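Just so it is clear, the model here is predicted, and its values are computed rather than measured.
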Amino acid sequence: MSKHWVTLLLGLLIGSIGYGQSAVDSLLQELDATLADSKVYAEKKEVRIRELKEQLKAPGVDSMTRYGLYDQLFEAYRLYRFDSAMQFIFTKLEFAEATGRADWILDSKLKLSAVLTSAGMYKESLDHLEAVERELLSGTNLEFYYHTYKLLYESLRDYASDDTYAPYYDLKVRAYQDSLLGTLSPDSDGYLLESGVLLLSNGKLEAAEDIYRDIVNEREVPGTAAYARAAATLAHIYARQGQQGLQKKFRILSAISDIQAAVKENAALTDLAVQLYREGDIPRANRYIEFALADANFYNARQRKVEISEVYPIITGAYQMQIERQKAILGRYLGIIAVISVLLVIALVWIYWQMRRLARARKNLHQANVQLQELNQQLKEANFVKEEYIGHFLNQCSVYIEKLENYQKLVRKNVLAKKMNTLLEMTEPDAISQAELKEFYANFDAAFLRLYPDFVSEFNGLLDKGERVNLKNGELLNTELRIFALIRLGIADSNKIAHFLRYSVNTIYNYRAQIKNKSSIDRDQFEEEVMKIGAIPA
C-alpha cells in the first residue's frame with residue numbers, strides 16, 4: 001500500500017473517532033438536560049396515576065373496568081415505585097380472588113412473581129410461581145409464566161455467579177427459554193426479543209446485534225421503557241465486543257429513555273457512571289451515581305439499593321479524593337497568588353511613588369517651559385522694540401548731529417560778524433528746550449505707535465466707556481498715554497518716567513492712580529493688561 005493511501009486511511013480513522021466522540025459528547029449534554037428535567041417527567045407519571053385513581057373512585061365502576069384499572073396502576077408503579085406496585089398487585093390479586101375469576105388470579109400471581117424477582121425477593125417469587133397450576137395456563141398467561149420463570153433463574157444465576165449453583169440456574173434458564181420460544185409466534189416481537197437473548201447467551205454477538213439494532217431503530221420508540229431495555233442490551237453487546245464508544249452511546253440512550261419514561265428501576269445510569277469512572281470522568285460519574293441512588297431510594301427496592309451501594313462508595317470516594325487534590329492544588333495556587341499579590345502591591349506602591357516623582361518633575365518642567373516661553377516672548381518683544389528704537393534713535397542722533405553742525409556754523413558766523421545780540425537770542429534756554437522736547441515727544445510717539453499701532457484703541461478698551469482718552473487734533477499720544485506707553489516698554493519706575501517726561505514723581509503717581517480708577521477691570525490687574533497690548537504672537 002502506498003504512503004498516500006496509508007495517510008488517507010489514518011486521516012479517515014482519526015476523523016471518524018473525532019466525530020464519534022463529538023456525538024457521544026452531544027448525547028451526554030442531552031442526558032444532562034434530561035436529568036435536569038427529570039421532575040417534569042416524574043410529574044407526568046404522577047398525573048397519569050392520579051387520573052387512574054380518580055377513575056377508580058367514580059361510582060358505578062364494573063368489575064372488568066375495576067380490574068383493568070388495578071392492572072394499569074400496577075403497571076404504572078411497577079418500574080416507578082416498588083412499594084406502591086406491591087400494594088396494587090396485592091389489591092388486584094385480592095379482587096381477582098373475590099370475583100373467583102381463575103384467569104385473573106393466575107395473571108395477578110404471575111405479575112406478583114415478576115415484580116418480586118425484579119426486587120431481588122427470589123424465594124417469595126419462586127413460592128408464588130410454584131403455586132400456579134401449569135395445566136390451567138394457556139395463551140398469553142402461559143407465555144408470561146415461562147418468561148417469569150426464565151427471569152427468575154437468570155437473576156439467580158447472575159446473583160450466584162459461581163461454579164456450583166450458577167450452571168444449574170443456567171440450565172433452568174435455557175429450559176424455560178426453549179419452552180417460551182415454543183409458545184411464541186415466530187413473527188411476534190416477543191419471539192424476536194427472545195431470539196436475540198438466546199443468540200447473546202450463545203455468544204453469537206453479531207447476530208444478536210442485528211436483532212437489537214432493528215428493535216432500537218424500527219420497533220421501539222425513544223422515551224419508553226421498552227426502548228431503554230433494548231438500548232441497554234445493545235450496550236451490553238458492544239461491551240462484550242470491546243466497542244467502548246458504542247457501549248457508552250447506547251447506555252446514554254437507555255438512561256435518557258429511562259428518565260423520560262419515569263423508570264426508577266433502572267441500571268443504565270449506574271452502568272454509565274461506572275464506565276465514566278473508569279474513563280476518568282469522575283465529576284460526571286459522581287453526579288450520575290448520586291442520581292441513580294436517589295432513583296433507587298425512591299423506587300424503594302432492596303436489590304437496586306444493594307447493587308448501587310457496591311459502586312457508590314468507590315465513585316464518591318474517588319470524587320472526594322479528586323476534590324481534595326483540587327483543593328490542595330488550589331491552596332498552592334492561592335499561596336502563589338498571595339505572594340504575587342504582595343509583590344504586585346509593592347510594585348504598585350513603587351510605581352505610584354515613581355509616577356508621583358515623574359508628575360512633579362513634569363510639573364516643574366512644564367512650569368519651567370512656561371517661564372522659558374514667557375522669557376522668550378519677552379526677549380523676542382524686547383529685541384523687536386530694541387531694534388525699532390535703536391534704528392529710530394540712531395536716525396535721530398544723526399539729525400541732532402546735523403543740527404549741531406548747522407548751529408555751530410551759525411554761531412561761528414555771528415561771532416565773526418560780532419552780532420552779540422543775535423547770539424544771545426539764539427542761546428535763550430526756554431526756546432531751545434521746549435522746541436526740542438516737543439520734537440522729542442513727537443518722535444517718541446511716532447516710534448511707539450509704529451511698534452504698537454493699536455495701542456490707543458486697546459488702551460481705551462480697558463477703561464470705562466465714559467472715561468476713555470480723547471486725543472486732540474494732531475496728537476499721537478498725550479501725557480497719560482505716554483506714561484503707560486513707557487510702562488508698556490518695560491519702564492515701570494515712576495522716577496524714571498518722571499525724569500523722561502519732565503514731571504515730578506507725585507504727578508506721575510497721580511496720573512497712574514487716576515487712570516486705574518477709570519479702569520473697567522480690576523485696578524490691580526490694569527498694568528498687567530497694558531503689558532499684553534500688541535504682544536507679539538509666540
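For Arg50, the CZ atom is densely surrounded, since the number of other residues' heavy atoms within 6.0 Å is greater than 12.
A salt bridge is absent between Glu475 and Lys472; no separation between the charged side-chain nitrogens and carboxylate oxygens falls under 4.0 Å. Ion pair Lys264/Asp258 not flagged as a salt bridge, since none of the NZ, NE, NH1 or NH2 atoms sits closer than 4.0 Å to an Asp/Glu carboxylate oxygen.
A donor-acceptor contact shorter than 3.5 Å links the side chain of Ser341 to the backbone of Ile337. The main-chain N or O of Met531 is found under 3.5 Å from a side-chain atom of Arg488 such that the two form a donor-acceptor pair.
Between Ala228 and Ser257, the shortest heavy-atom distance links the atoms CB-CB, 3.8 Å. In terms of heavy-atom proximity, Ala442 sits nearest to Leu476 at O-CD1, 4.2 Å. For Leu477 against Ala485, the heavy-atom pair with the smallest separation is CD1-CB, 4.3 Å. Residues Val24 and Lys248 approach most closely at CG1-CD, 3.3 Å, considering heavy atoms. Counting all heavy atoms, side chain and backbone alike, Tyr288 lies closest to Ala273 at CB-CB, 3.9 Å. Of all heavy-atom pairs between Ile259 and Ser38, the closest is CG2-CB, 3.8 Å.
Residue pairs that meet the salt bridge (Lys or Arg N to Asp or Glu O under 4.0 Å) test with at least one member in residues 496-516, sequence neighbours left out, are Arg512-Glu527, Lys516-Glu527. Identified under the salt bridge (Lys or Arg N to Asp or Glu O under 4.0 Å) test for residues 222-235, with sequence neighbours left out: none. For the ring-ring contact (aromatic ring centres under 6.0 Å, His included) condition, the pairs that include at least one residue of residues 234-280, sequence neighbours left out, are Tyr238-Phe250.
When the side-chain contact (heavy atoms from CB on, under 4.5 Å) test is applied to Pro283, the partners found at least two apart in sequence or on another chain are Asp281, Tyr319, Gln322. In this structure Ala498 satisfies the side-chain contact (heavy atoms from CB on, under 4.5 Å) test together with Val505, Ile508, sequence neighbours excluded. A search for side-chain contact (heavy atoms from CB on, under 4.5 Å) contacts involving Ala267 returns Asp271, Arg304, not counting sequence neighbours. The ring pair (Phe, Tyr, Trp, His ring centres under 6.0 Å) check on Phe455 picks up Phe448, Phe459, with sequence neighbours excluded. Every residue was checked against the ring pair (Phe, Tyr, Trp, His ring centres under 6.0 Å) condition with Tyr441, not counting sequence neighbours, and none meets it. Applying the side-chain hydrogen bond (donor to acceptor under 3.5 Å, both in side chains) criterion to Lys53, with sequence neighbours excluded, gives Tyr77. Under the rule for a side-chain contact (heavy atoms from CB on, under 4.5 Å), Lys39 has no partner lying at least two apart in sequence or in another chain. Not counting sequence neighbours, Tyr509 has no partner by the ring pair (Phe, Tyr, Trp, His ring centres under 6.0 Å) test.
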Kindly list each side-chain donor-acceptor pair under 3.5 angstrom involving residues 349-365, sequence neighbours excluded, with atom names and distances?
residue: Asn364; atom: ND2; partner: Arg360; partner atom: O; Å: 3.2

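Looking only at side-chain heavy atoms (C-beta outward), Leu31 and Leu253 stay at 4.5 Å or farther from each other. Annotation: side chain of Val263 is not in contact with side chain of Tyr299 (no heavy-atom distance under 4.5 Å). In this structure, Tyr227 and Val221 have side chains that are not in contact, with every pair of non-hydrogen atoms separated by 4.5 Å or more. Under the 4.5 Å side-chain criterion, counting only non-hydrogen atoms from C-beta, Gln260 is not in contact with Asp37. Gln241 has its side chain within reach of Glu209: a pair of non-hydrogen atoms, C-beta onward, lies under 4.5 Å apart. Put simply, the side chain of Gln275 reaches to within 4.5 Å of the side chain of Gln244, judged on heavy atoms. Side-chain contact check for Leu501 versus Thr507: every heavy-atom pair is 4.5 Å or farther apart.
The aromatic ring centroids of Phe440 and Phe500 lie less than 6.0 Å from each other.
With rounding to the nearest 0.5 angstrom, the CG atom of Asn478 is 8.0 Å from the OH atom of Tyr511. In this structure, Leu462 CG and Glu467 CD are separated by 14.0 Å, a value rounded to the nearest 0.5 Å. Put simply, CD1 on Ile497 and OG1 on Thr479 are 12.5 Å apart, with the number rounded to the nearest 0.5 Å. Within the model, atoms CG of Leu293 and CG of Leu269 stand 11.0 Å from one another, a figure rounded to the nearest 0.5 Å. Remark: Glu75 CD to Leu52 CG distance equals 11.5 Å, nearest 0.5 Å. If you take CG on Leu449 and CZ on Phe444, they are separated by 9.0 Å, rounding to the nearest 0.5 Å.
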